[in-house]
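See below for the structure under consideration.
Predicted, not measured: the structure shown is a model, and the values here were computed from it. Throughout, a chain's letter reflects where its sequence line sits, starting with A, and its residues are numbered from 1.
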There are 2 protein chains.
Amino acid sequence: MQKTPTSLLELVSRLENLMRAEFRRAGSGQGLQPVHIQSMLFLQQANRFSNTPQALAEYLGLTKGTVSQSLLLLDRRGLVERYQDEMDKRVVRLRLSETGEMFLREANPTGLWNQATRDMSANRIRDSVSLLRSILHTVQGQSGKPLFGVCAACAYCQKKSQRITHCTWFGERLSIPETRKICREQTPKTSALAPGD
Amino acid sequence: MQKTPTSLLELVSRLENLMRAEFRRAGSGQGLQPVHIQSMLFLQQANRFSNTPQALAEYLGLTKGTVSQSLLLLDRRGLVERYQDEMDKRVVRLRLSETGEMFLREANPTGLWNQATRDMSANRIRDSVSLLRSILHTVQGQSGKPLFGVCAACAYCQKKSQRITHCTWFGERLSIPETRKICREQTPKTSALAPGD
DNA sequence: ACATTTTTGTATTGAATCAATACTATAGAT
DNA sequence: ATCTATAGTATTGATTCAATACAAAAATGT
């Protein structure tokens, strides 16, 4: 029974192992570990509600203490900047520095993946994204973990007009580019769970 | 450009992080790390040409020395058995012990995943498997890494009759269950790369 | 047949991740 | 005001992991 779902996990797992090895290679010049590359890639994508140590820890599935150490290293190397939040002074905000951005461009840890997916049909990719997103939603829900996903696919992301979008969860306006970023509080639209995407 | 492929990587990465956390939970009772769970899951799936430390190292993307340490621990715990190959006495063969099988059944590290995929359409899963398999093939090819995949999808897997299958790479007969296992030398059939699977 | 090289795996050492625990500081609640 | 919850850091110790060196068997070459 259920041979296919297992082999899907197999593939996800194996692909991640390969990418992990690729991240190791990409970071070896700078003495960076795979987890550092993953952290930087997350910060590149995280929206302004999700660029904190806590969110990163939840995203990586690690404890906040562990992540704090990684961030210390990335900070010392000048790859990531940390600054205090104005409203809530317990909160630390994170962002990639110019150096960090440049490092990602040059080391290009996702280059191999991009190359491999370049020639795939956009439709097939969209279908797989839709399926994996559903699985992700279920797994996250069952494990009681926060969700993470792009704003554009979130139920709280309300398009008021052509150019104006609001997040009704945080009650703030979003710019167009922001709706493509990753949020820790994402709640998938019901349509995203249906076969038709 | 290419926002969708990246978000596919995003999903694969995030799913693996979640499963990694799940593996950590599953192994915590026995003091096992995620990598041990991953190793045992591989050994459960690996065919008789691929149940060696070297193959496991390639599969995990780690060095053979590192994997040797993990196997030492799994051996001491009685979860994995190591024995010498008869033909090539350099080679160590690996298999899950009864205890190992039982541990996987009880800790059930993939239970969360199976639950999440239970209600997904078989067609959508098959399509995603097909796509990820293509991506895997390309990534593996470009990084010069060995391939890994199930025999049934391998170009060297020749069905002679209803019940008789031969691997023309190793030149040996395969049993029906064996064709569902994972081989380090898998070479995808060209049809596996086409949209229709 | 014999030396050389390659392949497979192990042992050892040191660096780095990671969790656990304890701690500080701010926010929120009663 | 006090008490509790939340966000983050510091410290400690166990464990992974790579690098290097090593041993044994097989493959190769002359």
For [N], does OP1 or OP2 lie under 4.0 Å from any side-chain N or O of [X]?
X       : N      : answer
A:Thr66 : C:dC18 : no
B:His36 : D:dT16 : yes
B:Arg90 : D:dA23 : no
A:Arg82 : D:dT9  : yes

Return the value, rounded to whole Å, for the distance between atom [atom1] of [X] and atom [atom2] of [N].
X       : N      : atom1 : atom2 : answer
A:Arg20 : D:dT16 : CZ    : P     : 13 Å
B:Asp85 : C:dG9  : CG    : P     : 9 Å
A:Leu71 : C:dC18 : CG    : P     : 12 Å
A:Met87 : D:dA7  : CE    : P     : 16 Å
A:Leu72 : D:dA10 : CG    : C1'   : 10 Å
A:Gln33 : C:dA16 : CD    : C1'   : 6 Å
A:Asp75 : D:dG8  : CG    : P     : 14 Å
B:Gln84 : D:dA25 : CD    : P     : 8 Å

Under 4.0 Å, heavy atoms only, any strand: does [X] hit a base, just the sugar-phosphate, or nothing?
X       : answer
A:Arg93 : nothing
A:Ser70 : nothing
B:Arg24 : sugar-phosphate
A:Lys89 : sugar-phosphate

**Prompt:** Are A:Met40 and A:Val92 connected, step by step, through hydrophobic side chains (Ile, Leu, Val, Met, Phe, Trp, Tyr) whose heavy atoms are closer than 4.5 Å?
**Reply:** yes

Side chains of A:Arg124 and B:Ser130: any donor to acceptor distance under 3.5 Å? yes

Check: B:Asn17/B:Arg14 side-chain N/O donor and acceptor closer than 3.5 Å
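Short answer, no.
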
In Å, rounded to the nearest 0.5 Å, how long is the span from CG of A:Asp127 to CG of B:Leu131?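 If I round to the nearest 0.5 Å, the distance is 9.0 Å.
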
#### Entry: Per B:Gln69 side chain, nearest of listed nucleotides D:dT16, D:dT9, C:dT12
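Selected nucleotide: C:dT12.
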
Out of D:dG8, D:dA26, C:dC18, minimum distance to the side chain of A:Val35 belongs to C:dC18

Assert: residue with more 5' nearest nucleotide on DNA chain D, out of A:Lys64 and B:Leu62, is A:Lys64

Practice prompt. Kindly give the heavy-atom pair with the smallest separation between B:Ile37 and B:Gly27, and that separation in Å.
Written response: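 Taking every non-hydrogen atom into account, CD1-CA, 4.0 Å.
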
